[in-house]
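What follows is a set of notes on a single structure, which appears directly below.
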Amino acid sequence: MNRIILKKASAGYMSFRRNFSLSNSLLKSYNSRKELRDAKKIVVKLGSAVITREDQSGIALGRLASIVEQVSELQNSGKQVLMVTSGAVALGRQKVSKELIYKSLKETNGNFCQNIEKSALDKKACAATGQNGLMSLYSSLFSQYGIETAQVLVTKADFQSEHTLKHLQSTLNYLMEAKIVPILNTNDAIGYPPELTQDIDGSLNINDNDSLSAHLATMVKSDLLLLMSDVNGVYNCPPDYPGSRLMETLCPAEDRNLLNFGEKSNVGTGGMESKITAAEYALKNDCSVIICNGKQQNAIVDCINGKKVGTFFTNEPIPSIVSVENLALSARNGGRILQTLPADKRSTIIRDYSQLLLANSRQIYEANMLDIELAKKNNLSQVLQSRLLLNEKKLITLADGMQQIAANTNILGKVLKSVQLADELILKQVTVPIGVLLVIFESRPDSLPQICSLSIASGNGLLLKGGSEALNTNRVLHQLVQDALEQYVPRETISLLNTREEINDLLQLDSKYIDLIIPRGSNELVQNIQKNSKSIPVLGHAEGICHVFVDKDCDPETALKVVKDAKCDYPSACNAMETLLIHRDLVKTQLFQSIVDLFKMENVKLYAGPNLQKYTTELPPAKKLNHEYSDLELTIEVADDVHSAVEHINRFGSNHTESVITRNDEVAEYFLKHVDSACVFLNTSTRMADGYRFGLGAEVGISTGRLHARGPVGVEGLLTTKWLINGNAHTASDFSTGKKKFLHKILN
């Protein structure tokens, strides 16, 4: 009888659902993660494994508090959130077990409800006992953020009655519009037996909270459903299987047959297959879905912000995009071929690339003008626009530098040390490529050919990521280098990345894929790369705060010439002077006034350091003494002598490039010896700190660190070494037993 009634109710529900789905069809699920920021209605499903302790008895309070904080952040930002939560059974089990222990101590017969199956009693009793405590906990946590909650318990039968379904929908919509967070759970205390509630049309059954949340997301016309459990997302096979891979994006119509399901979560009723079924149901009803790990810190907020968390479901077939791992592996494989080429063939590749640049200059300029026009439209600063410009002068200089690099490719396999360890036992230390480089650069498209040439000369595979503002120019330049490569090595030896997300993914890899990251750009860029690189070393400098100290014993003409070039030649360069230090004896002299007048004529805005403010009030005070302007702006400060100048530089500088202008040999020697920077000059502009000007042909970047390369990093900075031994049945035991003796004779 019950089954007949439920079937009739189910038929009415199916009619209601069809009408509802028709009205909901105007909505469309999102096709990319970046669109998730626009989600207004969000359903968050928390699996038992997310909010319960590892022993499955009690709530993981710290984790639940973090989840509530994230939901509150969304709710208070104007979004509407509905939660589907497990956890009542776990909390109730904690309470019921205590009572059972207490009861067993009082009763000696040991017979307790013998006519009721213990497992069924446990779950229902625990659910009833724990539900009240769970909601009290949610209410208390949300109240800290000024948010009210509402408890709604449902059973499967509620979804098979048109009457109750309409009332449920009305209630939930009312609560969400009133900025109240509905918190739903299945009423496990009175759940119906599954055999009495089978859906007659084979549609999604409400057997767990995954299916419940999918139905609710459809009902309230949610934009996004987050299915959170203790797994990182959907894998092509169980995560502990060989070859397992997390699927960042999944199109059910295309990818369902690629999946191999393993066991379900340790707690709760839903496994991965049930989650995917629920996700498919929600997606068919135009609700986007992410399956992710609820134990991951800030997972909810990160999902909304478009970060690659978990598996994102989409109705759109995914284009055949090569994964970042495969790009890195292709670069490594290509690099291994490249390093085996004779030096003259690597030189030929670079020279061919240089000629292709000149031969295709019109195409390059056209692409560059597109980037310039977009930069102006997007109100990009003049500093960045000047870096972005690639004109004839820059292209000719670039091609000339590449010729220098091509003349210096005989650097692999170079013997740095040779030692005769013993008779017929020779040890050699030889140069080899680092492996695979990831170079990230901003704005300057002329960096791309330089970096490529250095990578080719040194036999390294290369991944490139230029700034989005130079996208069109970089694509042409990259196409040309691949054209030059393919005669000898695969085109994928050097690949160009297109999105910031790809960089984020690469930063999470290890040295199996990438050996060194070289960021070239703003302080913010470099620090971000250094912070987010999981295990790959980062080479570079965060800032270019360069100084020039004009000593009292300087040549005035030299001083004027050097400081003008250091500031005005290319103000946005990292080796441009940002602070001018003047010996105190020069402040009241004509030379100082000439320097000020010179900068005013060059439209340089001047700021006075604390010491200079004691001498003049004509200049505005500098906000700080370690500022990188990257523009026609300059701080001028007074130094008592060379000792105070060095102290100032070592305190406020960035260990990049510093220069002293003096004819005093003692001052010069002290400055050159005690300034702790990568480049220290005498009577020379800081703008000379450049790989091309150093005769390196070009530079992949400038390093202010102390390990490996320092200063302008040319081709030799992209090499490491390996040890080779040539022996004749030599063993360690030969020497430990005294059969043979070490010679350790240096051969070179």
Side-chain angles (χ1 to χ4, degrees), residues 13-30 35-47 67-68 70-86 135 138 142 147-187 203-206 208-228 275 277-291 300 303-304 313 315:
Y13 163 61
M14 293 309 299
S15 175
F16 168 79
R17 189 176 65 185
R18 280 192 294 269
N19 292 333
F20 171 75
S21 296
L22 182 62
S23 64
N24 194 37
S25 64
L26 296 175
L27 300 173
K28 293 295 182 183
S29 60
Y30 299 123
E35 298 175 276
L36 297 178
R37 293 176 182 270
D38 300 327
K40 300 299 181 185
K41 283 188 177 182
I42 302 159
V43 174
V44 178
K45 177 263 175 181
L46 302 175
I67 290 169
V68 168
Q70 294 176 74
V71 172
S72 299
E73 181 180 334
L74 299 181
Q75 188 80 2
N76 288 329
S77 70
K79 300 182 186 298
Q80 298 177 2
V81 184
L82 180 151
M83 297 181 67
V84 178
T85 183
S86 302
M135 281 308 304
Y138 272 118
F142 274 109
I147 295 174
E148 296 293 333
T149 60
Q151 178 183 14
V152 182
L153 294 177
V154 296
T155 65
K156 181 172 181 178
D158 295 327
F159 284 80
Q160 298 196 342
S161 165
E162 183 177 356
H163 174 77
T164 57
L165 195 65
K166 286 182 177 179
H167 280 284
L168 177 60
Q169 181 188 14
S170 175
T171 299
L172 295 179
N173 284 331
Y174 184 89
L175 291 171
M176 295 177 79
E177 289 293 334
K179 302 300 181 184
I180 296 172
V181 176
I183 301 179
L184 288 89
N185 196 358
T186 52
N187 192 348
S203 66
L204 180 66
N205 296 324
I206 300 179
D208 50 46
N209 279 349
D210 295 321
S211 51
L212 171 61
S213 60
H215 275 286
L216 292 172
T218 301
M219 177 185 294
V220 301
K221 302 181 182 179
S222 176
D223 300 307
L224 176 63
L225 168 61
L226 298 179
L227 295 173
M228 311 188 80
K275 289 174 177 57
T277 301
E280 289 176 318
Y281 178 85
L283 197 62
K284 287 178 182 177
N285 288 280
D286 298 313
C287 175
S288 297
V289 184
I290 292 179
I291 295 178
I300 296 175
C303 284
I304 299 300
F313 283 69
N315 280 319

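Not measured: the values here are computed from a predicted model.
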Non-hydrogen side-chain atoms of L226 and C303 separated by less than 4.5 Å: yes
statement: Applying side chain to side chain contact (heavy atoms under 4.5 Å, CB included) to Q151 and not counting sequence neighbours gives Q131, M135, L153
message: What verdict does the side-chain contact (heavy atoms from CB on, under 4.5 Å) test give for L216 and V154, after you've listed the backbone C-alpha separation in whole Å, the side-chain angles of each residue and the deciding distance to 0.1 Å?
response: CA-CA 11 Å; L216 292 172; V154 296; 5.9 Å; no
I291 vs F313 side-chain heavy atoms within contact, under 4.5 Å: yes
query: How about Y138 and T85: do any of their side-chain heavy atoms sit closer than 4.5 Å?
result: yes
- prompt: Taking only residues two or more places apart in sequence or in another chain, which ones pass side chain to side chain contact (heavy atoms under 4.5 Å, CB included) with K284?
  reply: none
query: Is it true that D210 and K275 have a side-chain N and a carboxylate O under 4.0 angstrom from each other?
result: yes
- request: Heavy atoms only: give me the nearest Q70-I300 pair and the separation to one decimal.
  value: OE1-N, 2.9 Å
- request: Examine distances only and state if a side-chain atom of S211 and a backbone atom of A278 form a donor-acceptor pair shorter than 3.5 Å.
  value: no
query: What pairs with E73 under side chain to side chain contact (heavy atoms under 4.5 Å, CB included), at least two apart in sequence or on another chain?
result: V301
query: Do V68 and V71 have side chains that get closer than 4.5 Å, going by heavy atoms?
result: no
field: Crowding at NZ, K40 (>12 non-hydrogen neighbours, <6.0 Å)
entry: no
- prompt: How would you list, by chain and number, every residue that makes a side chain to side chain donor-acceptor pair (under 3.5 Å) with T171, sequence neighbours excluded?
  reply: none
- prompt: So, do V220 and N173 sit near enough that their side-chain heavy atoms are less than 4.5 Å apart?
  reply: yes
message: Tell me every residue that passes side chain to side chain contact (heavy atoms under 4.5 Å, CB included) with H167, counting only those two or more places apart in sequence or in another chain.
response: H163
task: Kindly indicate whether the side chain of L82, heavy atoms from C-beta on, has any atom under 4.5 Å from the side chain of L175.
output: no
